[in-house]
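Only one structure is covered here, and it is reproduced in the block below.
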Amino acid sequence: MIDFNGEINGDCKRFLLKKQIKIQVKVSLIVAILFAVPIILTSVFWKTIALLMFLPFAFAIVFSALPPSRGSQRIFVPQRVYIDTEEQTIVHKCAKLERFHMLSSVKAVIDYGEWYYFIFEFEDRDPYFVCQKSLLTEGTLEEFEALFEGKIERQKK
């Protein structure tokens, strides 16, 4: 077993929060674009005041670019990530949720120097699997890297 236990901090946490903000903005933009066509058609064929319906979408996009609150972070910021080599799973535990994936679904592991970021196959995609190296409590980094040999990509700064 390889265990990263404790709440991430510093650059690792900023990295994860940036990922979350990008996801929030993308979702807000997609929703706004989907509703843009009916709003525009309504304003052209009925009343131009219907364009005011863009305001809630504009606010949604702006607010989605803000960092998640501490309460929201409890849903995705890991407090523990461990790899069970017997069951061939990687488990992500946070304050409110627990999720897991099979080790075989790991497509790549990006080494950012202070932390690892997991990229899974498309059907198992999950942007919240990060392991801060300083939180390693069981196992070694050498064991970790041996387990994912050939999948680790070093990220240059």
Side-chain angles (χ1 to χ4, degrees), residues 1-36 54-157:
M1 180 179 288
I2 300 170
D3 193 358
F4 297 87
N5 200 344
E7 191 166 333
I8 62 173
N9 57 31
D11 289 339
C12 183
K13 189 167 187 174
R14 280 189 288 281
F15 170 82
L16 191 58
L17 291 177
K18 282 182 183 178
K19 282 262 184 221
Q20 179 63 22
I21 290 169
K22 285 180 184 177
I23 291 168
Q24 292 172 180
V25 170
K26 284 179 184 177
V27 169
S28 295
L29 284 171
I30 290 169
V31 170
I33 290 168
L34 288 174
F35 281 94
F54 275 122
L55 285 176
F57 296 108
F59 284 124
I61 292 168
V62 169
F63 287 120
S64 68
L66 297 174
S69 67
R70 283 220 176 265
S72 297
Q73 290 177 24
R74 295 170 52 99
I75 296 172
F76 65 89
V77 174
Q79 292 181 330
R80 182 178 182 209
V81 176
Y82 65 92
I83 299 167
D84 188 339
T85 52
E86 288 181 19
E87 292 188 18
Q88 294 292 304
T89 59
I90 179 169
V91 181
H92 171 280
K93 286 187 176 185
C94 53
K96 292 188 176 183
L97 293 174
E98 178 177 326
R99 45 171 111 23
F100 76 94
H101 295 286
M102 302 305 293
L103 288 179
S104 59
S105 69
V106 174
K107 186 175 179 180
V109 179
I110 311 296
D111 182 353
Y112 283 94
E114 295 178 29
W115 70 90
Y116 295 107
Y117 175 67
F118 288 86
I119 298 175
F120 295 96
E121 298 292 337
F122 183 77
E123 59 275 356
D124 282 334
R125 64 192 174 280
D126 193 336
Y128 305 120
F129 276 75
V130 293
C131 301
Q132 188 170 326
K133 292 179 181 180
S134 63
L135 298 176
L136 185 65
T137 57
E138 190 174 328
T140 64
L141 292 177
E142 290 77 21
E143 288 177 58
F144 178 89
E145 292 193 1
L147 186 62
F148 295 105
E149 188 174 355
K151 294 183 179 183
I152 295 178
E153 300 172 12
R154 310 274 184 226
Q155 184 68 28
K156 296 180 182 177
K157 291 185 178 182

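Quick note: numbers below take in every heavy atom, side chains included, and nothing from hydrogens, waters or symmetry partners. Predicted, not measured: the structure shown is a model, and the values here were computed from it. Along the sequence shown, residues are numbered consecutively beginning with 1.
By the 30° and 60° cut-offs, the orientation of the rings of F129 relative to H92 is tilted. F15 and W115 have tilted rings, their planes meeting at an angle from 30° to 60° on a 0 to 90° scale. Ring pair H101/F120 is tilted by interplanar angle, where 30° to 60° counts as tilted.
Put simply, the side chain of R14 reaches to within 4.5 Å of the side chain of D11, judged on heavy atoms. At a threshold of 4.5 Å between non-hydrogen side-chain atoms, the residues I23 and F76 do not count as touching. Looking only at side-chain heavy atoms (C-beta outward), Q20 and Q73 stay at 4.5 Å or farther from each other. Two residues are said to be in side-chain contact when any heavy atoms from C-beta on lie closer than 4.5 Å; Y82 and K93 meet this criterion.
Note on E121 versus K151: no salt bridge recorded, every NZ/NE/NH1/NH2 to OD/OE distance being 4.0 Å or above.
Taking CD from E86 and CD1 from I83, the interatomic distance works out to 14.0 Å, rounded to the nearest 0.5 Å. Remark: I61 CD1 to I33 CD1 distance equals 7.5 Å, nearest 0.5 Å. Expressed to the nearest 0.5 Å, how far CD of Q88 lies from CG of L103 amounts to 5.0 Å. Atom OG1 of T85 and atom CE of M1 lie 7.5 Å apart (nearest 0.5 Å). Considering CD of Q79 and CG of L97, their distance stands at 11.0 Å, rounded to 0.5 Å. Atom CZ of residue R74 and atom CD of residue E7 lie 9.5 Å apart, to the nearest 0.5 angstrom.
Minimum heavy-atom separation, M102 to T89: SD-CG2, 3.6 Å. In this structure, G139 and L136 approach most closely via the heavy-atom pair O-CD2, 3.5 Å. Closest approach of L16 and P127 over heavy atoms only: CD1-O, 3.6 Å. Among all heavy-atom pairs drawn from Y128 and R99, the shortest one is CD1-NH2, 3.2 Å. Smallest separation of non-hydrogen atoms from I75 and C94: O-SG, 3.1 Å. Nearest heavy-atom pair, V81 versus C131, reported as atom, atom and distance to 0.1 Å: CG1-SG, 3.5 Å.
A distance-only check finds no donor-acceptor pair linking the side chain of Q155 to the backbone of Y112 [under 3.5 Å]. For E114 (side chain) and C12 (main-chain N/O), no donor-acceptor pair under 3.5 Å exists by modelled atom type.
Few gaps surround CD on E123; more than 12 heavy atoms of other groups in view lie less than 6.0 Å from it. Summarising the local packing, CD of E98 is surrounded by more than 12 heavy atoms from other residues, nucleotides or ligands at distances under 6.0 Å. Heavy atoms of other residues, nucleotides or ligands lying less than 6.0 angstrom from CZ of F100 number 12 at most.
Side-chain contact check for D124 and S105: at least one donor-acceptor pair (N or O, by modelled atom type) lies under 3.5 Å.
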>> Quick one, E145 with R154, criterion salt bridge (Lys or Arg N to Asp or Glu O under 4.0 Å). Give me CA distance, side-chain angles, the key distance, then yes/no.
In response: CA-CA 11 Å; E145 292 193 1; R154 310 274 184 226; 3.1 Å; yes

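Stacking of K133 on the aromatic ring of Y116 is recorded, both the 6.0 Å distance cut-off and the 45° axial limit being met.
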